[in-house]
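Below is one structure, written out as structure tokens; the observations come after it.
Being a predicted model, the structure only gives us computed values, none of them experimental.
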Amino acid sequence: MKPVPAYIDAAPADIQLVSVVAASLAAEYDPESRFIIKKIKQRNPEAILVSLIATGVAAGVNPNSQFIIRKIAKK
């Protein structure tokens with residue numbers, strides 16, 4: 001079984017936008033600071049889809065329940 005990660009590396013097109021927004025928000029509080037953004041991740045669309053399907057099926061059996069998906073793996 002191979003685990004499906006909850007987060008994956010962000011798309012290259014999104015990295016610049018996220019970096020600028022994060023740095024400008026942080027610089028608002030301390031304009032003299034320097035910031036280094038080491039990693040930018042995004043939610044894995046495959047993990048989101050699998051968790052939605054799994055909780056939907058489980059909720060159909062017991063609609064008053066709450067679920068937490070802790071691990072997703074594929075063959």
| request: For residues Y7 and R43, determine if any side-chain heavy atom of one lies less than 4.5 Å from a side-chain heavy atom of the other. | output: yes
| query | Residues two or more places apart in sequence or in another chain: which of them pass salt bridge (charged side-chain N to carboxylate O under 4.0 Å, His left out) with D14? | reply | none
| Taking the hydrophobic residues Ile, Leu, Val, Met, Phe, Trp and Tyr, and joining any pair whose side-chain heavy atoms are under 4.5 Å apart, which ones share a cluster with V50? | V4, I69, I72
| T55 OG1 to I68 CD1 distance, which is reported to the nearest 0.5 Å | 11.5 Å
| request: Rounded to the nearest 0.5 Å, what's the gap from CG on D9 to NZ on K41? Could you check? | output: 4.0 Å
| If you look at every heavy atom in A47 and A6, which pair is closest and at what distance? | CB-CA, 4.3 Å
| said: Going by side chain to side chain donor-acceptor pair (under 3.5 Å), name the residues that satisfy it together with S65, two or more places apart in sequence or in a different chain. | reply: N62
| field | Side-chain heavy atoms of K75 within contact of M1, under 4.5 Å | value | yes
| Is it the case that one hydrophobic cluster holds both I37 and V18, taking links as side-chain heavy atoms less than 4.5 Å apart, direct or via other members? | yes
